[in-house]
Amino acid sequence: GQVDDGDGRLAARIAELEGARYTFIAPGGQAAIAVVYLALCATGDHALIPQTTYGPSQDLAEGLLKDLGIEIETYHPALGAGLSAMIRPNTRLIWTESPGSLTMDVQDVPAIVGAARTAGVPVAIDNSYAAGVLFDAFAHGVDISIQSLTKYVAGHSDAILGSISVASEDLRERVGRAWSQLGMAVSPDEASLALRGLQTLPVRLERSAASGLAIAHWLSKRPEVELVLHPALPDCPGHEFWRRDFKGATGLFSFVVRPETAPAAVDGLLDRLGLFATGYGWGGTTSLAMRYPQLRPPYEHYGGRLIRLSIGLEAPDDLIADLDQAFDVLTA
Ligand SMILES: *Cc1c(COP(=O)(O)O)cnc(C)c1O
């Protein structure tokens, strides 16, 4: 029943890519997250989210949702089947985000789905990292998959869009009610930017992933680096689940410099980067680097030492040369 306008076509394309029953397009990934919470939770309800979830999603949990009397409890991202001990009679939603934001923890989604199914609780995933193609959420039993299309799908840092894909007719009704009552529709013009992005998505992803892996390997050999948090490298928490469940990686990952490095030196490193821009976003054509002064538990000890990179479409050798000259700041 979709009309043939821009956002109807985009919804149909995302549903096809993700193998969803139905997809709703929203004005951003954060909007998509909010719709899911409000579609499934009411006053007195309880929901579970990983500690490594996207920060603004946690802000919403601790802010407006708390004001509404919805209790959102965080769980360690490495918790799989053990999550069943945290499910209560009033638990209405279990969020996953895999890999998680900043520290890239890959979750054992099938084990979480198993625990949730036994209790009859729906599982949602923030599937933005996989761009709708690298992790098949519905084949792994997830009920709702949201994406920030702002990232790899739109792909040029010039649109803010999100998607909410559902596995069943029941969830289509419940999510659709929240989506329409909150006025979450987007304009066809905005949607057309994501449709254009989809035309080059596989080529961009491939290039970004290959360059990202080369840079991650280079970083892992630097003496100043304590660890590289890239799902395809063994130091990444949950690497074994990435190997089992994912079709590939992207160019988004983090690294942590050794604790003896002064915070000012880390700032200096970022300041000296020339080809990399500074920015919180990811998935665009320009490579970005960002330092995170504060991290939530269980990774607060990485605060100020973790740098996230989004590798774009520049030549990988040029990006490595840029990092190489910036790293001189740490040894100076
Ligand atoms: C960026 C991001 C979002 C929010 O998406 P917007 O489109 O910027 O609103 C949600 N989840 C993750 C994991 C993100 O990185």
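For ligands, and for the atoms within them, numbers begin at 1 and follow the listed sequence. As the structure is a prediction and not an experimental result, all values here were calculated from the model.
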Taking the six-membered ring for Trp and the full ring for Phe, Tyr or His, determine whether the centres of Phe253 and Phe255 are under 6.0 Å apart. no
SB check Arg296 Asp59 (cutoff 4.0 Å): yes
Verify whether one side chain among Ser168 and Asp170 offers a donor that lies under 3.5 Å from an acceptor in the other. no
Side-chain ion pair, Arg196 and Asp158, N-O less than 4.0 Å: yes
Between Tyr129 and Trp242, is the ring centroid distance below 6.0 Å? no
Using a strict 4.0 Å threshold on nitrogen-to-oxygen distance, state whether Asp271 and Arg291 make a salt bridge. no
Per the under 4.0 Å non-hydrogen criterion, ligand 1 touches Gly28, Gly29, Gln30, Ile33, Tyr54, Glu97, Ser101, Asp126, Ser128, Ser148, Thr150, Lys151, Ile160, Leu161, Trp282
